[in-house]
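Written out below as structure tokens is the structure these notes cover.
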Amino acid sequence: MSWNDRSHIFLIFILRHAAVLLLLALAFTTSSLAATPASLSWTQLNPNTALPARTAFASAYDPVSKKIVVFGGTDFTNEFNDTWTFDGTTWEQVQTSVTPPGRASATMAYDARIHKLVMFGGFQGFSFLNDTWLWDGATSTWTQASPTTVPTGATNPMLFTDPADGHVDMFGGYQGMFYSRSMYRWTGIDWKLLSPSTTPYPRAGAVAAYDPVRKNVVLFGGISDIWVVQNTWTWDGYDWTQENPAKQPPPLYFTRGVFDPTLGNVVVFGGGSEAVDQNTIWSWDGSTWAQIPRASRPPARELFGTVWFAPTRQLIIFGGDLFSDGSLYSDTWSFGLN
């Protein structure tokens, strides 16, 4: 599989907004910030049913159902259209009467205003998809949205909860010939094109994680037309700021970051780095990056799932592939207090 192929795989208002963000912050309560990196460890889980081996799937934690949700992905031969959930014990395939078309390299994020997961993009065969789907965790159903504004189809765009608004924002993605720096906000019924005064360099497959303590989103890395990107940006819901940390991870792409309330920081595991997959874990404290060394850790991988699983207060990773030989993973790991 060529690199180009893999790039696919690649606020009345103010109070209301404040209430939404307060709820989000409570969801990431920092009452247990006594935890230190040294007290956290990796554990391979043994679910009663495993997630079938796959890579480049869309995944997110759904606070409504209190489950991890996975859609689609690929085994390098097929793009799947199945939905799986994880409750902390087992993976379960969910049969739905309506399902999105099969795809790989789509992205999902939770919209705290409409209480649903928003999924956009991906590819199927040689087609870049520009459809938007909503997952309702209360009813375990998919609904296709019908926005008036339709962003250009893209793979591996960055979707994240907006720190000022609570809706889902989308940045970048790979559009087939170009990497994008366009930015949109999901209003609940439509995509709204945003025009911040500053935007990061175009990219796809970057780390983009909402930090409820610092009330911003941190963006790091990704892949672009200049190969790989190694810089750190933050988004406050209105504009982007390029940060100048004293230390950064190596250039990373096709990985995810999540906020870990036990540490009070955003953490990032694995991902590709100049065609070599990693299995290191890094922490962002709002000003700089630090590596969290571990002798025992999951195998290196990219295009996998990374989710903060609130019920057990652990980081969960699952699936993905190893770039060097195309190996697919079906394993599930936790990182936290055990």
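- A distance-only check finds no donor-acceptor pair linking the side chain of N78 to the backbone of F80 [under 3.5 Å].
- Under a 3.5 Å cut-off, the side chain of S224 and the backbone N or O of V228 do not form any donor-acceptor pair.
- Between F128 and F123, a ring centre-to-centre spacing not shorter than 6.0 Å is recorded.
- Across every non-hydrogen atom of A164 and G237, the tightest pair is CB-CA, 4.1 Å.
- Partners of R103 according to the salt bridge (Lys or Arg N to Asp or Glu O under 4.0 Å) rule, which considers only residues two or more places apart in sequence or in another chain, are D131.
- Counting heavy atoms from C-beta outward, V118 and L134 have side chains that approach closer than 4.5 Å.
- Among D331, D321, D325, the one residue that satisfies the salt bridge (Lys or Arg N to Asp or Glu O under 4.0 Å) test with R301 is D331.
- Considering only heavy atoms from C-beta on, M108 stays 4.5 Å or farther from F120 through its side chain.
- A heavy-atom distance below 4.5 Å is not found between the side chains of P251 and Y253.
- If you check the side chains of T99 and N81, you find no donor sitting under 3.5 Å from an acceptor.
- Proximity of I316 to S334: side-chain heavy atoms (C-beta onward) are separated by under 4.5 Å at one or more points.
- The heavy-atom pair separating M183 from L193 by the smallest distance is O-CD1, 3.4 Å.
- For Q230 (side chain) and P249 (main-chain N/O), a donor-acceptor pair under 3.5 Å exists by modelled atom type.
- Using a cut-off of 4.0 Å between Lys/Arg side-chain N and Asp/Glu carboxylate O, R54 and D82 are scored as salt-bridged.
- Counting only residues at least two apart or in different chains, salt bridge (charged side-chain N to carboxylate O under 4.0 Å, His left out) contacts with residues 263-276 are absent.
- Between W135 and V94 there is a side-chain heavy-atom pair separated by less than 4.5 Å.
- There is a side-chain donor-acceptor pair under 3.5 Å between W235 and D162.
- Using modelled atom types, one side-chain atom of E79 and one backbone atom of G125 make a donor-acceptor pair closer than 3.5 Å.
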Evaluate side-chain contact (heavy atoms from CB on, under 4.5 Å) for F178 paired with T152, printing each intermediate quantity in order. CA-CA 11 Å; F178 304 100; T152 301; over 6 Å; no
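- Note: F269 and W42 meet the aromatic proximity criterion, with ring centroids under 6.0 Å apart.
- Between the CD1 atom in I114 and the NE2 atom in H167 there is a gap of 7.0 Å [rounded to 0.5 Å].
- Residues W133 and F71 keep their aromatic ring centres 6.0 Å or farther apart.
- Proximity of a side-chain donor or acceptor of T161 to a complementary backbone N or O of Y110 within less than 3.5 Å is detected.
- Looking only at distances, a side-chain donor or acceptor of R203 sits under 3.5 Å from a matching main-chain atom of G221.
- Counting heavy atoms of neighbouring residues, nucleotides and ligands inside a 6.0 Å radius, atom CD1 of I189 does not exceed 12 of them.
- At a threshold of 4.5 Å between non-hydrogen side-chain atoms, the residues T85 and E92 count as touching.
- Using cut-offs of 30° and 60° for the angle between ring planes, the W240 and W233 rings count as perpendicular.
- In this structure a side-chain-to-backbone donor-acceptor pair under 3.5 Å is missing from D277 to A300.
- R214 contributes a side-chain N or O that, together with a main-chain N or O of D285, makes up a donor-acceptor pair within less than 3.5 Å.
- Scanning both residues, W84 and A50, for their nearest heavy atoms gives CZ3-O, 4.2 Å.
- When all heavy atoms are compared, the tightest approach of L252 to S273 is CD2-CB, 4.2 Å.
- In this structure, D169 pairs ionically with R185, as a charged nitrogen and a carboxylate oxygen lie closer than 4.0 Å.
- A donor-acceptor pair under 3.5 Å is absent between the side-chain atoms of D136 and the main chain of T141, judged by distance alone.
- The side-chain heavy atoms of I317 and Y329, taken from C-beta on, include no pair separated by under 4.5 Å.
- Aromatic pair F57/F318: centroids less than 6.0 angstrom apart.
- A donor-acceptor pair shorter than 3.5 Å can be found between the side chains of W91 and T332.
- Within the structure, salt bridge (charged side-chain N to carboxylate O under 4.0 Å, His left out) contacts touching residues 223-237 (residues at least two apart or in different chains) do not occur.
- In this structure, W289 has its ring center closer than 6.0 angstrom to the ring center of F220.
- Here CD of Q314 is found 7.5 Å from CH2 of W308. Values are rounded to the nearest 0.5 Å.
- No side-chain donor-acceptor contact under 3.5 Å links R256 to the backbone of F304.
- With contacts defined as side-chain heavy-atom distances shorter than 4.5 Å, the pair V69/M119 does not qualify.
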